[in-house]
Every structure is written in C-alpha cells, then in structure tokens.
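Notes for the one structure printed next.
These numbers come from a predicted model, not from an experiment.
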Amino acid sequence: MKDQQLGNWQTTVLGIFLAIIVIVGLNSFVIINPGQAGVLSILGKARDGALLEGIHLKPPFISVMDVYDLTVQKFEVPAESSTKDLQNLSARFAINFRLDPIQVVDVRRKQGTLENIVSKIIAPQTQEAFKIAAARRTVEEAITKRSELKEDFDNALGDRLDKYGIIVLDTSVVDLTFSPEFARAVEEKQIAEQRAQRAVYVAREAEQEAQAEINRAKGKAEAQRLLAETLKAQGGQLVLQKEAIEAWKTGGAQMPKVLVMGGESQGSVPFIFNLGNTQNLN
C-alpha cells in the first residue's frame, strides 16, 4: 500500500517537473516572423537592439517581447486649416508608412503601441503639415494646384515623422472640401464667366455679320462701278439693250405690242409702249 502511494507521489512530482520544464522552455524563446521586429524588455527595461525575423532566446517569466509590424501601414487622417486668403479648408489624407526597424526600440520607449503612434504622433503631425502647406496658397490655388499642395504636405510631414522613427512612403488626398461660402462664390464666378463668354461670342458674331455686310456692300459697289464703266465704253448701249431683253424674258413681264427705239441713235435704250394700256384708257 505504501509502495503504491510512494509511486503515485513520484509520478505526480515527475509530471509537475516536466510541466515546469515545458513552461520554462516555451517562455525561453520567441519567433519573429518576416516583416516584424521585436523589442525585448527584461524586468520592465527595454533592451537596445531590435530583434528581427528568426528565433530568439529570452529569460523566462521576467521578460516581455513586444512585436511590431514593419510592413506598410495605411491610415486615413482628417485635417483642417486656413488658407492664405483666410478660407477654411478641410482634407482627409490616406497615409502609407512603416516603422524604421533601427528605431523600433525608441518607438517602444516613447510611443508604445501602434495605436498610440497613430493617435499621438501621426494625426497631430498631419494636422501641422497640412497647415504649413495650406497657408502658402489661396483656397483657389489649393484646388487648381492640388499636386503642389500635396508636395508641400509630403515634405512637411516626412520631415516631422522621420525623427519619430516613422517612414512616410506615400500620401494621397482622399477628400478636399472648402466652406459653403466659397462654394457659392465659385458657382457665381462660373456663371459670370459663362455670361461673359456668351457676350464675347455675340459681339464677335455681330462683328462678323457687320463685316459681311461691308463686304457685300463693297462687292455691290464694285459691280456697279464695273457696270458703269461697261456702259460708258464703246458698245455699252448694246449691253443695256441685251439686259432689257433678258429682263422681259425672265422677269415674267408681258412682251410689248409696240417697240419704239428712243433717241436718234440706234443703240439707245428701248422704250416700251403697251397698246393694251391705251385700250384700257378708252
């Protein structure tokens, strides 16, 4: 009986010892995956030098391993500012960044978690960088020269976040809005520009029509001048007689019953006398 109890006790002790060994063994190393970096803290003090991908030993029970994602992170951050002409301008930026593996330990000591990095570092620095970029131009320039606004914002934000161990890879303006007053002003300006363009078009059309009338008048005067020169020249009376005959033929007028040549010259303009008119007088 005693031997059986002794055997059970030894089995229990052995099981406890093996369990302790397993627990100690599992807490004596950590695996860092690709795209990650670890910061080892022993008794609450972070050790210098980040642990990169691979398996690493650590003191059990008295150490903590904080793992940070070094891959590209993306967060959308809102920002507001006043422009050079004192107009309110709001924007939302999508910021792609990653942590500098060399400065991960400092990040752990100063900022802590990734959530703290976004809320306490990236968000306020985004606001300040946007103020710098927006204050350099008017609200109209901020809209029409959006690429230049983004370039100034990128430079300001990159310089500010670099000292925190945050590498800005890219930013994009998700949304850019301005005050309702400016929106109405833009709409009124567009309407005025459309009206001005319409007035210019009408003026040009009238000018072109006037020029066409001038050209037609010049052409008519030139035709009359040529006709006068033709009539003055030798044989001009024949031309006039031909024109009269053509008018009778094409103008729908009734051919006269009596044709009397006026003047002594055979080339004078024909004089038409319609006997039907005299009959009506009787």
Side-chain angles (χ1 to χ4, degrees), residues 35-37 39 66-201:
Q36 295 179 336
V39 178
D66 294 299
V67 179
Y68 288 85
D69 192 347
L70 299 182
T71 60
V72 178
Q73 306 291 322
K74 178 182 178 181
F75 286 92
E76 290 190 7
V77 182
E80 294 183 358
S81 179
S82 295
T83 58
K84 188 177 180 179
D85 53 349
L86 302 180
Q87 293 288 337
N88 294 327
L89 190 64
S90 301
R92 177 173 290 275
F93 292 93
I95 302 175
N96 295 329
F97 69 93
R98 65 179 179 84
L99 300 179
D100 187 353
I102 299 177
Q103 302 186 57
V104 168
V105 177
D106 289 337
V107 171
R108 172 65 183 85
R109 289 171 176 167
K110 297 177 181 179
Q111 283 81 50
T113 63
L114 183 62
E115 289 74 14
N116 288 341
I117 293 173
V118 174
S119 61
K120 296 181 179 180
I121 303 298
I122 296 180
Q125 294 303 330
T126 298
Q127 178 69 41
E128 292 302 317
F130 182 56
K131 287 182 179 180
I132 294 175
R136 294 178 178 176
R137 49 186 52 84
T138 64
V139 63
E140 187 173 355
E141 291 173 343
I143 298 171
T144 58
K145 300 179 180 179
R146 192 164 175 170
S147 59
E148 296 181 6
L149 174 69
K150 179 180 178 299
E151 182 178 357
D152 290 343
F153 171 78
D154 289 347
N155 294 334
L157 184 64
D159 294 340
R160 287 174 168 270
L161 293 183
D162 183 65
K163 59 184 178 181
Y164 293 101
I166 302 171
I167 301 173
V168 179
L169 301 177
D170 186 33
T171 65
S172 59
V173 183
V174 178
D175 188 22
L176 188 64
T177 57
F178 36 82
S179 62
E181 293 79 7
F182 180 75
R184 287 194 295 269
V186 170
E187 183 178 359
E188 292 174 357
K189 180 179 179 181
Q190 290 177 345
I191 294 174
E193 289 178 350
Q194 291 175 356
R195 290 176 177 174
Q197 292 174 358
R198 174 62 182 171
V200 171
Y201 172 77

Rounded to the nearest 0.5 Å, what separation is found between the OG atom of Ser119 and the CD atom of Gln111? 10.0 Å

Do Ile166 and Asp100 make a side-chain contact, defined as non-hydrogen atoms from C-beta onward lying under 4.5 Å apart? no

Specify the closest pair of heavy atoms between Arg136 and Lys84, including all atoms of both residues, with the distance to one decimal. O-CD, 4.1 Å

So, for Leu70 and Val104, which heavy atoms are closest and what is the spacing to 0.1 Å? CD2-CG2, 3.9 Å

Check Asp162 against Gln103 and note the closest heavy-atom contact, atom names and distance. O-NE2, 3.9 Å

How long is the span from the CG atom in Leu89 to the OG atom in Ser82, to the nearest 0.5 Å? 9.0 Å

Closest non-hydrogen atoms of Ala133 and Asp152, given as atom of the first, atom of the second and distance, are CB-CB, 3.8 Å

Got more than 12 heavy atoms from elsewhere within 6.0 Å of CD, Glu80? no

Rounded to the nearest 0.5 Å, how far does CG of Leu176 lie from CZ of Phe130? 6.0 Å

Leu169 CG to Asn96 CG distance, which is reported to the nearest 0.5 Å: 6.5 Å

Side chain to side chain contact (heavy atoms under 4.5 Å, CB included), that's the test. Do Phe93 and Val173 meet it? Break it down for me. CA-CA 5 Å; Phe93 292 93; Val173 183; 3.7 Å; yes

What's the shortest heavy-atom distance between Phe97 and Val168, and which atoms? CB-CA, 4.2 Å

In short, Ile95 meets Ile122 closest at the heavy-atom pair CD1-CG2, 4.1 Å

When rounded to the nearest 0.5 Å, the distance separating NZ of Lys120 from OG1 of Thr113 is 7.5 Å

Taking atom OH of Tyr164 and atom CG of Asp106, what is their separation to the nearest 0.5 Å? 12.5 Å

For Gln125 and Leu157: C-alpha separation, side-chain torsions, deciding distance, then whether side chain to side chain contact (heavy atoms under 4.5 Å, CB included) applies. CA-CA 7 Å; Gln125 294 303 330; Leu157 184 64; 4.2 Å; yes

Any donor-acceptor pair under 3.5 Å from Lys150 side chain to Thr171 backbone: yes

